[in-house]
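The chain is numbered in sequence order, starting from 1.
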Amino acid sequence: MGRMLVLGVSGGMGYSIVNELLERGHHVKAFARNKERLEKLFKTKNRVEIVTGDLLKLDDVVKAAENVDIIFHAAGVPYAEWAEKLPISIKNILEAARRNGAKLAVVDNIYAFGRTGRGKVTEYTPKNPHTKKGKIRLQLEQMIKQSGVKYVIAHFPDFYGPNAENSVMHYFLEKVMKKKNSIFIGDQTLAREYIFTPDGAKALVTLALTEKAYGQHWNIPGNGGITGEEIIRYIRKLTGYRQKVSIITKWKIRLIGCFDRNIREVVEMFYLYEQPIFLSGEKYEKEIGPLPKTSYEEGLRRTVEYMNGSE
């Protein structure tokens with residue numbers, strides 16, 4: 001079996017990619033900055049080598065990528081640091097891949113598509129980002145495509161699942177688990193798409209292990225749309241939660257952003273809560289096979305169990 005490097009393993013998708021690779025029998029280097037966090041997540045896992053380092057330091061990334069076949073890039077930084085840090089980190093990752101002859105599988109979001117109007121977004125939908133963050137994501141994609149490194153880029157909707165702490169769903173669930181009044185971002189009656197991170201990891205690992213998938217980008221949808229009302233109803237049923245759930249509107253985020261730089265950066269992405277984007281998985285299912293699609297009820301149950309420490 002192959003040797004894999006996963007970057008950003010302390011996040012939800014990186015964590016799930018490690019687990020998916022282990023299930024398939026691979027040896028995994030798990031890379032992040034915080035050694036204590038890495039040991040907490042993976043110390044009981046066989047075939048996991050814990051590697052600490054900084055993606056902004058080329059030597060750290062090159063050393064981590066020694067003797068690996070595929071680099072999985074699932075690392076993120078706070079919104080306010082995107083413009084400064086993301087181009088440097090992707091440059092270092094690409095250089096590490098070149099020096100070590102490794103392929104690259106990238107976890108990407110939907111920001112580069114911009115406003116798309118009606119209908120599902122395919123891999124052939126033009127990318128016309130109108131936000132700073134969308135333009136940065138498109139810049140990174142172009143850097144990857146021009147690098148000469150063999151790549152797979154996968155676009156995902158919002159995450160939820162075990163260890164997916166930097167997600168809007170976790171922001172809601174964190175208060176729920178503490179039996180406190182919680183907050184849900186956006187109109188609770190509007191359906192949006194989320195992907196359960198173990199499903200996303202399974203799809204990306206399959207792509208990364210499929211030679212014909214390289215040199216392309218792929219859309220990986222969730223299990224259809226779901227409204228905030230439905231999510232809250234599922235969670236109340238699962239947990240017995242009875243506290244109040246308030247809605248965060250755009251003007252409230254803008255107000256909070258006056259005191260918090262990272263929250264302020266959320267404002268320009270609020271269009272995704274007003275005109276949600278839905279991804280088409282037709283290309284994947286035609287060329288690769290069935291997409292993994294856990295029901296929202298089951299995915300939320302497993303997420304809650306993880307947060308309770310029982311998974």
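Under a 4.0 Å N-O distance rule, the pair Glu95/Lys91 does not qualify as a salt bridge. In this structure, Glu282 does not pair ionically with Lys120, as no charged nitrogen and carboxylate oxygen lie closer than 4.0 Å. Between Lys286 and Glu123 there is no salt bridge, since none of the side-chain N atoms of the basic residue sits less than 4.0 Å from a carboxylate O of the acidic one. Classification of Glu298 and Arg301 as a salt-bridged pair holds, one side-chain N sitting under 4.0 Å from a carboxylate O. Comment: Glu49 engages Arg3 in a salt bridge, judged by a side-chain N to carboxylate O separation of less than 4.0 angstrom. Taking the charged nitrogens against the carboxylate oxygens, Lys283 and Glu287 have no contact shorter than 4.0 Å, which rules out a salt bridge.
When the shell of 6.0 Å around CG of Asp187 is examined, it contains more than 12 heavy atoms from other residues, nucleotides or ligands. By the 6.0 Å contact criterion, NZ on Lys179 is enclosed, its count of non-hydrogen atoms from other residues, nucleotides or ligands being greater than 12. For Lys237, the NZ atom is loosely surrounded, since the number of other residues' heavy atoms within 6.0 Å does not exceed 12.
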Stepwise side chain to side chain contact (heavy atoms under 4.5 Å, CB included) test for Lys178 and Gln243: CA-CA 10 Å; Lys178 295 176 181 178; Gln243 280 72 22; over 6 Å; no
From CA spacing to verdict: side chain to side chain contact (heavy atoms under 4.5 Å, CB included), Lys57, Asn92: CA-CA 7 Å; Lys57 297 179 179 178; Asn92 289 344; 5.7 Å; no
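Between the side chain of Ser16 and the backbone N or O of Met13, no donor-acceptor pair lies under 3.5 Å. Gln275 contributes no side-chain N or O that, together with a main-chain N or O of Arg115, makes up a donor-acceptor pair within less than 3.5 Å. Panel note: side chain Tyr151, backbone Gly215; a donor-acceptor pair is recorded below 3.5 Å. Using a distance-only test at 3.5 Å, with no hydrogens or angles considered, a donor-acceptor pair links the side chain of Glu230 to the main chain of Thr227. Distance alone, capped at 3.5 Å, is enough to place a donor-acceptor pair between the Lys29 side chain and the Ala64 backbone. Remark: the backbone N or O of Leu22 is paired with a side-chain donor or acceptor of Arg47 at under 3.5 angstrom. When atom types are taken as modelled, the side chain of Trp218 and the backbone of Ala213 share a donor-acceptor pair closer than 3.5 angstrom. Arg98 places a side-chain N or O within donor-acceptor distance of the main-chain N or O of Ser147, the cut-off being under 3.5 Å. Side-chain atoms of Asn109 do not come within 3.5 Å of backbone N or O of Asp158 as any donor-acceptor pair. In this structure, Asn219 contributes its side chain and Val121 its backbone to a donor-acceptor pair below 3.5 Å.
Atom CG of Asn100 and atom CD1 of Ile71 lie 7.0 Å apart (nearest 0.5 Å). With rounding to the nearest 0.5 Å, the separation of CD1 in Ile110 from CD1 in Ile220 is 13.5 Å. To the nearest 0.5 Å, the span separating CD on Glu297 from CD1 on Ile235 amounts to 10.0 Å. One finds the CG atom of Asp69 at 9.5 Å from the CG atom of Leu209 (value rounded to the nearest 0.5 Å). Atom NZ of residue Lys63 and atom CZ of residue Phe31 lie 11.0 Å apart, to the nearest 0.5 angstrom. Atom CD in Glu39 sits 5.0 Å away from atom CD1 in Ile50 (nearest 0.5 Å).
The shortest distance between side-chain heavy atoms of Ile90 and Gln139 does not fall below 4.5 Å. Between Lys127 and Gln142 there is no side-chain heavy-atom pair separated by less than 4.5 Å. The closest side-chain heavy-atom distance from Val9 to Tyr15 is not below 4.5 Å. Looking at Leu190 and Tyr273, their side chains never come closer than 4.5 Å, going by heavy atoms from C-beta outward. Taking the side chain as every heavy atom from C-beta outward, Leu21 and Val18 never approach each other to under 4.5 Å. For the pair Met307 and Leu173, the minimum side-chain heavy-atom distance is below 4.5 Å. Here the side chains of Tyr284 and Leu207 are in contact, with some heavy-atom distance below 4.5 Å. Using a 4.5 Å cut-off on side-chain heavy atoms (C-beta onward), Arg24 and Met4 make no contact.
Residues Leu300 and Val168 share a single hydrophobic cluster, defined by chaining ILVMFWY side chains whose heavy atoms lie under 4.5 Å apart. Clustering ILVMFWY residues whenever any of their side-chain heavy atoms sit less than 4.5 angstrom apart, transitively, puts Leu279 in the very cluster that holds Tyr271. Residues Ile183 and Val176 share a hydrophobic cluster, clusters being chains of Ile/Leu/Val/Met/Phe/Trp/Tyr side chains in contact below 4.5 Å. The hydrophobic clustering, which links ILVMFWY residues whose side-chain heavy atoms are closer than 4.5 Å, places Phe278 and Leu291 apart. Hydrophobic cluster membership is shared by Met269 and Ile277, with clusters built from Ile, Leu, Val, Met, Phe, Trp and Tyr side chains linked at under 4.5 angstrom.
Taking every heavy atom of both residues into account, Ser10 and Arg37 meet most closely at O-NH2, 3.4 Å. Shown here for Val6 and Gly14, the closest heavy-atom pair between the two residues is CG1-O, 3.7 Å. Between Ala164 and Thr197, the closest heavy-atom pair is CB-CG2, 4.4 Å. Between Lys85 and Leu56, the shortest heavy-atom contact is O-CD2, 3.6 Å.
Geometrically, Arg192 engages Tyr194 in a cation-pi contact defined by less than 6.0 Å to the ring centre and at most 45° from the axis. For the pair Lys133 and Tyr111, the NZ or CZ position fails the cation-pi test of under 6.0 Å to the six-membered ring centre and within 45 degrees of the ring normal.
The aromatic ring centres of Phe196 and Tyr160 sit less than 6.0 Å apart.
Judged as a ring pair (Phe, Tyr, Trp, His ring centres under 6.0 Å), not a single pair has a partner in residues 220-241 (not counting sequence neighbours).
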